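To start, the structure under review is shown below, and the notes come after it.
Proteins come first, then strands; the chains are lettered A, B, ... in the order of their sequence lines, and each starts at number 1. Because the structure is a prediction, the values reported are computed rather than measured.
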Amino acid sequence: MIDSDSVKNLAGHPFDRRDFLKVLGWGGAAAALSGCGNTSIEDGKETVVSYVEAKDYVIPGVAVYFNSTCAQCDAGCSITGKIREGRVLKLEGNPESPINKGKLCGLGQAAVQHHYNPDRVREPLLRKGDKGEAISWEKAYALINEKLAGVKGEEIALLSGDVSGHQKVLLGNYMDSLGSKNHFVYEAVSPAVVRAANLKFYGVEMPRYRIDKAKVVLSFGADFLGTWVSPVHFAQQYAAFRKGVDGQRGVLIQAESKMTLTGANADRWLAVRPGTEGILALGIINALGVSTGDVAELVKDYDKARVSRDTGVEPSNIDKIAALLKLRSPSLVLAGGAAEGYVHGMQNAAAINLLNQVLGNVGKTIEAPVSVPFPQMAPSKGRTAALKDLNDGLAAGKYKVLFNVATNPVFTAPASYKFRDNMAKAGFKVAFAHYLDETALQADLVLPLDSEMEDWGTHVPEYLADTVQINIQQPLMERLHANTRGMGDILLALVKQRRAEEYKAFDDYYGYLRSAVLQNKAALGGAGSDDDTFWNDTLSNGIVKLSGASGALSLKVDVSGLKLPAPKEIDEQYPMNLIPAVTSNLRDGRHTNQPWIQESPDPLTTIVWDSWVEMHPKMALQLGIVEGDIVKVTSKTGSVSAQVYLFPGIYPDAVSIPIGRGHDAMGRYAKGYGVNPFEIMDAVFESATGELAMHETRVNITKTGQRVIVVKDEGPAGGRQMGRKIAARVSTDQVDLSKEV
Amino acid sequence: MSVTNLLDNWAAVRHFHPIDDKPHDPYKWAMAIDLDACIGCNACAVACYAENNLPVVGREKFKHGQVMHWMRIERYWEEDGRDFPDQGFQFLPMMCQQCEAAPCETVCPVGATNHTQDGLNSQIYNRCIGSRYCSANCPFKVRYFNWYDYPTTENVWPAEMNYQLNPDVTVRGKGVMEKCTFCVQRLRAAEVTAKGEGRIVREGEVQTACQQSCPTGAISFGNLVDPESRVHKQWQAQQVDLDKDAQEKNQKEGGTDLRGYRILEELRSYPSVMYLERVRESAV
Amino acid sequence: MKDIREDIAWAKINQDVMKSLENPRPLYWVILFFAVLAFGIGIGCEVYQYQMGMGVANLDNPHVWGLYIATFIFWIGMSHSGTLLSAILHLMHADWRKPIYRFAEAMTTFSLMTAGLFVMVHLGRLWQFYYAVPYPNERWVWPNFQSPLLWDAMAIFTYLSSSVLFLFVGMIPDLAIARDNMQSGWRRKLYTLLALGWEGTDRQWRNFRVTYLTIACFLIPLAVSVHSIVASDFGMSQQPGWHVTSFPPYFVAGALYSGCAAIITLFIILRYVFKFEEYMTLPILKKIVRLTFAIAMVWTYLNCVEFASVWYSHDAVSKDLLIQKMTGPYAPFWWAMIFCGSIVPLIFAIKRFQTNIPVLFATSLLLNLGMWLERWMIVSPTFSHGYYPWTWDHDQWPSMIQWGIVFGSFGWFTLLFMVFCKMFPSVSMYEVKEMVYHRSLHLKQNGTVEQGVH
Amino acid sequence: MSKRHLLALYGDFDQAEAVVKELRNTKINGFDVNDDMIVKSPIEHPEVERFLGDKPVYVQWFTLVGAVLGGSLGFLGISSAQANFFMQMKGGKPIVPLPPNFVLTYELFILGGVYITVLGFLICAALPAKRSPLYNAKVSVDNIGILVKAEEGAVGILKAIFTKHKAIEIQEEAGK
């Protein structure tokens with residue numbers, strides 16, 4: 001009897017990985033003969049292998065598992081792919097990874113729909129007027145070479161998302177070879193301001209947060225369960241936190257203007273006037289009454305009454321929270337997207353970090369991270385400021401050639417950037433893309449990328465849960481489309497155009513990766529084992545764990561320059577704050593074309609397949625708006641129209657539209673669903689870091705007179721249980737958690 | 001057909017379950033879901049789509065209530081006249097409760113849904129004629145009917161997307177009822193493996209797809225009759241008895257300080273899923 | 001006023017009734033045309049639904065049943081009046097039933113056949129309906145005998161076949177008359193075959209009497225059981241609004257009610273279309289109207305019982321549902337049901353209207369509408385507002401496909417009925433003769449002509 | 001010995017009764033009033049049965065047998081079906097549940113009863129039958145027919161009796 005376990009064990013035995021892929025490919029080819037699909041066959045190079053004589057690691061009808069890394073977001077979860085007959089079927093978390101410990105979020109699981117997406121680009125496309133013409137890769141490479149001829153290094157720009165590992169090395173080498181320093185690392189949604197504040201207060205950009213060690217977590221809009229930094233990892237910490245430290249169940253308090261998934265799970269959720277998170281933090285410091293010196297001086301004006309007036313939080317709640325924080329230590333205070341999205345975002349984050357210092361959490365629940373021993377592989381983290389810089393450069397006509405590595409700034413840049421127009425000013429735009437998204441459509445040359453399930457790579461996550469880990473990304477199956485290429489292969493080909501000699505030893509990225517890893521075998525923990533064994537073990541594990549040095553956090557409390565502005569006056573013309581919501585399903589919209597994601601109800605509103613304008617019922621009553629009304633949301637920059645969903649978890653002066661929908665390209669599952677709030681986002685920037693202040697947009701709401709049925713999972717009863725005991729709740733004083741298993 | 005067989009086995013065919021009799025030997029698959037751990041992230045629901053070949057019906061059909069999510073996350077908020085949900089929401093993963101005395105089973109005219117030896121409420125797609133009586137009689141409304149022929153519906157599984165389909169699970173055509181199976185394909189594989197080795201399935205050897213993906217480990221699943229299983233221990237610690245329609249702990253004066261409960265238990269369907277109440281800190 | 005003229009010649013009876021097989025008014029053809037048209041629309045909708053899946057009916061999870069089941073109950077209910085008139089009144093020796101029971105019985109048969117269609121139409125996998133038929137098979141699986149749907153199938157099969165037999169046996173003497181009146185042609189062959197060589201001999205009549213009486217005795221409990229079982233489709237479930245003890249009598253009363261209303265409608269149509277004014281007389285109509293009124297009040301009473309028992313119970317869920325019916329999205333239909341079912345029949349209490357044909361015709365249609373609404377109000381609100389609030393579904397309305405099939409079923413029924421009336425004597429000739437004979441005998445004994453109303 | 005048929009038609013039941021009484025009281029050779037006389041009537045008429053004397057009806061025995069068989073076989077059949085082949089385990093219910101089976105037994109009881117009753121009717125009434133000699137369609141309109149068969153010698157006497165009671169019409173089978 002062959003069971004899946006024994007096959008799983010096979011993954012631990014050494015064998016030739018590429019041979020494996022070939023066999024899998026033939027599995028696919030056999031399927032093609034029976035009319036089920038097509039895979040690439042290298043004409044004249046491959047031999048027919050009878051399926052019954054397949055290699056011993058392929059057993060028809062039994063699944064094989066391979067480890068790789070999830071690339072849906074940059075948290076760096078390790079995955080285990082289930083493969084049968086050469087097709088990847090399902091992704092699970094890899095239990096060996098300290099980050100996700102065998103778990104995987106919905107977004108990660110939907111990666112197979114990225115891989116199998118019917119709307120992927122399948123051929124290199126060269127712009128011919130409004131149409132793309134399929135060309136060969138040789139021609140595409142030659143074209144790039146040709147267009148680069150005579151272009152100065154500073155006239156070349158490259159835009160990418162977060163990048164790390166060998167791909168980053170190769171990318172850097174290519175930019176070097178071009179003589180360009182214009183590598184813009186851009187992520188539309190990124191905690192860049194918090195990083196800066198962390199650096200200021202703790203001495204590191206991304207410390208290790210220990211929610212599991214905290215007895216109280218006070219989060220200012222940090223959606224650590226849904227979208228923030230490393231949600232799957234934090235969710236596991238959260239589970240431990242709820243189970244309790246020393247039997248005491250952790251308490252979560254969330255202060256934000258618009259409820260996030262994390263806020264929905266809080267014991268106390270505080271609706272905060274948008275932009276006053278820092279004031280609340282100072283108010284709590286004041287209420288704690290333990291600070292001295294500079295800090296006491298800073299917070300002395302932030303008495304309860306004032307803070308309550310400014311933030312909308314009731315004084316009694318401030319007292320209760322201060323009392324709880326005093327009583328239960330250690331605690332952890334987090335600053336998230338909601339706090340940083342303002343002109344004074346840095347001040348907000350600083351005030352919040354100061355609270356951590358005052359509470360003495362630094363060193364207890366905020367730990368120093370380990371540093372990556374190979375700095376060239378450490379992640380470059382994206383910032384919105386990078387896009388601003390690039391856009392300014394493009395607008396000034398500084399760049400003649402633009403490379404875009406799978407980012408979609410046309411979709412995620414505020415409309416006032418006029419990014420689409422500015423991009424046109426670059427003479428030659430190359431997009432490395434999976435789909436014809438809004439940005440790829442503007443490119444002159446579109447080069448189709450392998451999906452993460454076809455490609456090789458290494459990734460170093462920014463947030464390291466335990467030791468340093470280098471995550472291996474390896475193909476889980478043979479290429480689905482013959483003419484897509486891995487980003488690494490493309491980079492290698494391109495860099496060979498410039499530095500043929502240096503890279504001639506490498507046929508492909510696989511060879512490059514293998515030799516790069518084996519070169520550092522000793523440093524990677526493989527001393528003593530032979531090359532093949534080490535390489536195969538590495539692939540089999542999917543992770544290389546290294547011990548890294550962890551420094552100490554700075555305990556210096558420096559409140560100089562910390563000054564919070566008073567809450568903004570109501571603007572008569574634009575009375576509402578627009579909160580562009582980052583939701584756990586959609587993030588920045590790069591996965592909107594994955595149908596599981598589209599149909600996965602938004603956890604808070606349960607809406608699917610569409611955008612909505614979230615509005616507090618009280619405000620809606622004032623405006624005479626009911627659920628399903630189509631309203632026009634107008635900012636200084638522009639306007640969008642969408643259905644209203646009445647939602648109590650939002651500050652009444654605010655409305656929220658989720659980011660990620662409203663594509664006008666990107667295939668059948670994304671195009672035409674919902675609206676894009678970036679279209680009405682004002683270009684306002686955080687003053688200290690230059691990041692886009694996403695929460696600073698003011699809007700007004702007008703009814704259009706149309707009404708639709710909101711497509712959502714929730715029924716007409718809404719969230720009410722109508723007296724039935726369905727989702728029961730009990731307060732801590734009525735339950736004895738110690739008896740639990 | 002033989003009348004003698006009927007008469008010879010009269011006692012056997014007159015057994016009542018779950019009241020008089022415990023036929024779950026050696027397995028009774030059951031679940032415990034900790035609502036305090038559930039964060040409502042939907043990972044389980046997506047895992048279910050991936051594992052069980054659930055069709056994505058698209059916006060129009062979703063609007064008409066024809067969605068096929070075997071596992072759905074419900075989100076509750078009790079207003080009590082408050083302006084804000086300042087005590088948070090409550091999320092509830094809801095799927096087939098695999099009732100011991102399932103109301104759906106008795107009413108199916110063709111016997112397409114039955115109770116299995118290992119305590120599941122099975123659905124036989126081939127046998128189903130689509131009378132939908134089972135769904136009509138389900139108190140939890142966790143049965144999903146194939147209103148259209150999804151495999152041939154445009155953009156449900158277009159070319160290449162269909163490569164993802166799990167070969168261990170049937171793709172259902174129009175007109176049949178379906179629902180959560182507790183990932184029966186995984187259970188059977190584990191049971192058969194264990195049988196081949198002359199043992200029963202060990203705790204942790206088999207996971208449902210939702211359990212496997214759950215980032216907070218809110219879902220535990222296992223063999224309720226195995227004293228070593230976590231599910232067994234949880235049910236026991238919470239004093240929830242599978243075969244009771246009202247738990248003794250609830251009759252104690254002053255209530256219970258345990259948080260295990262089953263939804264709509266009073267309907268006497270004896271669900272196999274125990275929920276643990278969401279806890280809320282009283283200090284804030 | 002007499003319910004039938006006692007001096008009517010027996011030969012004229014034969015003549016009048018046989019004429020209905022020959023030359024109906026043009027209205028007959030108009031009705032037939034529209035019946036075929038409606039049926040055609042229904043067929044079209046069904047073909048589309050068969051091809052596409054049940055989703056085109058705009059049903060959903062959990063609102064899995066809709067008009068199909070409601071209309072199914074409606075037709076089953078309709079069938080009960082035939083049994084009432086032919087069996088119950090037969091046992092009670094109410095001989096005024098004699099001119100009208102035949103068509104009522106035909107109505108029973110055809111409404112059962114229509115109801116049967118809905119069982120099929122409703123199935124998600126119609127092509128596999130035979131899985132529900134209990135016969136030894138190669139699959140080695142029996143249907144589930146515990147399912148009320150199976151009881152339904154069994155009860156309806158028994159009822160339909162018994163009704164057909166009852167109709168047929170009761171028609172044998174008339175078929176013999178038809179045979180004797182036809183000179184040649186396929187009709188004569190048909191009647192000869194069906195009359196089984198009936199001659200009206202003493203032996204035949206003797207056995208006939210006992211047989212007819214026996215079947216009548218069987219039919220009464222059968223009819224009650226059929227609608228009780230339909231009620232148990234709902235009553236056996238756990239759903240609020242369905243799990244009601246009074247459902248079986250409530251359903252039976254509703255069935256008799258809608259059946260009587262339909263009899264009034266058809267009475268008036270037949271009377272006009274086939275010129276049966278001599279037989280389907282106003283006094284008989286008046287009796288039916290009074291009977292209908294009585295049943296309407298019983299139905300109203302049972303309705304009140306149901307509301308009261310929900311109201312005073314501690315079953316919050318059922319109570320919630322009841323309030324929802326009265327005030328929710330279904331409220332217009334629910335109140336229309338109360339109006340049509342309980343208020344409109346009060347017209348029948350007014351003597352003046354008891355023989356006013358236009359009023360009665362309109363009223364009977366309203367009653368039927370009310371009874372159809374009642375069935376819908378039993379089926380749908382429970383789905384839209386059941387135990388589980390998350391899955392409430394207040395805004396799910398039947399699609400045009402669903403309406404088309406319901407509409408088509410009326411065409412189908414009318415078609416069957418009209419063809420029947422053209423093929424077979426829709427007034428029982430021999431029994432009208434019996435009635436006339438007894439009246440004349442009575443007259444002879446009293447020696448006077450009795451005046452006034454029966 | 002061959003017999004000839006004779007059919008007399010009467011306009012009302014009183015006349016027919018008188019004829020029957022006379023036939024019964026008159027001793028006629030070659031004619032047996034119990035075996036050789038059939039009264040035909042357009043309607044079911046209890047008086048005819050009365051004056052014809054007590055002739056037993058056996059249909060109800062068929063009914064009894066049908067109902068008992070239908071019910072008992074129904075119950076056994078259903079229960080055996082449940083206990084054989086693939087058993088259907090229903091949570092909370094035994095494999096052979098009594099209440100549902102009783103419901104079905106009830107239906108089958110009626111089904112058997114009705115079917116066998118109709119069968120009994122056909123057998124007892126000897127239907128379907130060939131048309132008897134001297135059939136006259138007037139019987140299906142309004143006349144009472146008395147059909148007798150008698151040996152040649154008795155025909156004359158019968159005819160006389162018929163005529164005496166003012167038969168509307170007398171039909172005679174052609175002699176052999």
Side-chain angles (χ1 to χ4, degrees), chain B residues 1 57 60-69 72 74-76 92 94 103-114 124-150 152-153 173-177 179 263-264 267-269, chain C residues 50-66 69 119 122-133 136 139 141-153 233-234 236-240 242-243 317 379 382-383 386-393 395-396 399:
Chain B
M1 183 170 65
V57 299
E60 268 315 298
K61 295 190 173 93
F62 200 113
K63 181 170 156 189
H64 288 285
Q66 289 155 345
V67 61
M68 304 297 287
H69 47 23
R72 58 174 188 248
E74 295 166 7
R75 183 266 289 125
Y76 291 102
L92 179 95
M94 190 70 199
C104 54
E105 287 170 5
T106 48
V107 297
C108 174
V110 292
T113 177
N114 293 289
I124 310 169
Y125 305 128
N126 287 337
R127 182 72 181 164
C128 177
I129 59 170
S131 79
R132 312 192 283 290
Y133 201 171
C134 51
S135 173
N137 209 19
C138 174
F140 310 98
K141 301 297 181 202
V142 286
R143 291 182 149 260
Y144 298 92
F145 187 71
N146 282 274
W147 296 105
Y148 295 92
D149 197 35
Y150 291 115
T152 59
T153 302
K174 74 178 169 199
V176 299
M177 190 61 79
K179 62 164 193 81
I263 296 173
L264 301 180
L267 294 180
R268 307 184 77 207
S269 66
Chain C
Y50 186 101
Q51 291 295 332
M52 297 297 296
M54 294 301 293
V56 296
N58 202 17
L59 296 165
D60 72 1
N61 305 314
H63 199 137
V64 292
W65 289 356
I69 292 290
V119 176
H122 165 80
L123 287 186
R125 300 211 300 168
L126 168 57
W127 53 96
Q128 241 127 24
F129 77 96
Y130 58 88
Y131 282 0
V133 180
R139 296 178 296 278
V141 190
W142 292 96
N144 174 21
F145 294 106
Q146 301 188 27
S147 168
L149 274 191
L150 207 77
W151 311 347
D152 246 357
D233 284 350
F234 300 93
M236 291 276 163
S237 83
Q238 293 179 320
Q239 303 303 313
W242 289 0
H243 190 62
V317 178
V379 174
T382 291
F383 284 111
Y387 261 111
Y388 208 79
W390 186 260
T391 62
W392 281 355
D393 183 6
D395 216 15
Q396 189 73 6
S399 70

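Taking the six-membered ring where the residue is Trp, C:Trp65 and B:Tyr133 present tilted rings, their angle falling between 30° and 60°.
At a 4.5 Å heavy-atom cutoff, B:Val142 makes no contact with chain C through either its backbone or its side chain. C:Val133 does not touch chain B: none of its heavy atoms, backbone or side chain, sits under 4.5 Å away. Residue contact with chain B, scored on non-hydrogen atoms closer than 4.5 Å, involves the side chain of C:Phe383 exclusively. Only the backbone of C:Phe234 comes within less than 4.5 Å of a heavy atom of chain B; no side-chain atom from C-beta onward does. Of the two parts of C:Tyr50, only the backbone, made up of N, CA, C and O, holds a non-hydrogen atom closer than 4.5 Å to a non-hydrogen atom of chain B. For C:Gln128, the parts lying under 4.5 angstrom from a heavy atom of chain B are both the backbone and the side chain. Only the side chain of B:Leu264 comes within contact range of chain C, with at least one heavy atom under 4.5 Å from a heavy atom of that chain.
The backbone N or O of B:Thr106 lies less than 3.5 Å from a partner atom in the side chain of C:Asn144, making a donor-acceptor pair.
Rounded to the nearest 0.5 Å, atoms CD (C:Gln51) and OH (B:Tyr148) are 14.0 Å apart. Interatomic distance, NZ of B:Lys63 versus CG of C:Asp395, reported as 10.0 Å (0.5 Å rounding). Remark: C:Met52 CE to B:Asp149 CG distance equals 9.5 Å, nearest 0.5 Å. Separation of atoms CG (C:Asp60) and NZ (B:Lys61) is listed at 13.5 Å; rounding is to 0.5 Å. The distance from atom CH2 of C:Trp242 to atom CG of B:Asn137, rounded to the nearest 0.5 Å, is 7.5 Å. Going from atom CZ of C:Arg125 over to atom CG of B:Asn146 covers 9.5 Å, rounded to the nearest 0.5 Å.
Annotation: side chain of C:Leu123 is in contact with side chain of B:Ser131 (closest heavy-atom distance under 4.5 Å). Counting only heavy atoms from C-beta outward, the side chains of B:Glu105 and C:Gln146 never approach each other to under 4.5 Å. Here the side chains of C:Tyr388 and B:Ile263 are in contact, with some heavy-atom distance below 4.5 Å. Looking only at side-chain heavy atoms (C-beta outward), B:Val107 and C:Met236 stay at 4.5 Å or farther from each other.
Of all the listed residues (B:Gly130, B:Gly173, B:Ala112), the one sharing the greatest number of non-hydrogen pairs under 4.5 Å with chain C is B:Gly130. Interface remark: of the candidates B:Val67, B:Asn126, B:Leu92, B:Asn126 forms the most heavy-atom pairs closer than 4.5 Å to chain C. Note: C:Asp233 leads C:Leu150, C:Val56, C:Leu126, C:Asp233 in heavy-atom pairs under 4.5 Å with chain B.
When all heavy atoms of B:Arg132 and C:Leu59 are compared, the closest pair comes out as NH2-CD1, 3.5 Å. Across B:Cys108 and C:Ser147, no two heavy atoms sit closer than the pair O-CB, 3.4 Å. Between B:Phe140 and C:Thr391, the shortest heavy-atom distance links the atoms O-CG2, 4.4 Å. Between C:Val64 and B:Ala136, the closest heavy-atom pair is CG2-N, 3.9 Å. When all heavy atoms of B:Lys174 and C:Trp127 are compared, the pair lying nearest together is CE-CH2, 3.7 Å. The two residues B:Pro139 and C:Gln238 have their closest heavy-atom pair at CG-OE1, 3.5 Å.
Remark: B:Glu74 engages B:Arg72 in a salt bridge (Lys or Arg N to Asp or Glu O under 4.0 Å) (not counting sequence neighbours). B:Asn114 pairs by the side-chain hydrogen bond (donor to acceptor under 3.5 Å, both in side chains) definition with D:Lys90, not counting sequence neighbours.
Counted by atom type alone, B:Trp147 and C:Asn61 present one or more donor-acceptor pairs between their side chains at under 3.5 Å.
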Given side-chain contact (heavy atoms from CB on, under 4.5 Å), test C:Trp390 with B:Arg75 step by step and report yes or no. CA-CA 9 Å; C:Trp390 186 260; B:Arg75 183 266 289 125; 4.2 Å; yes
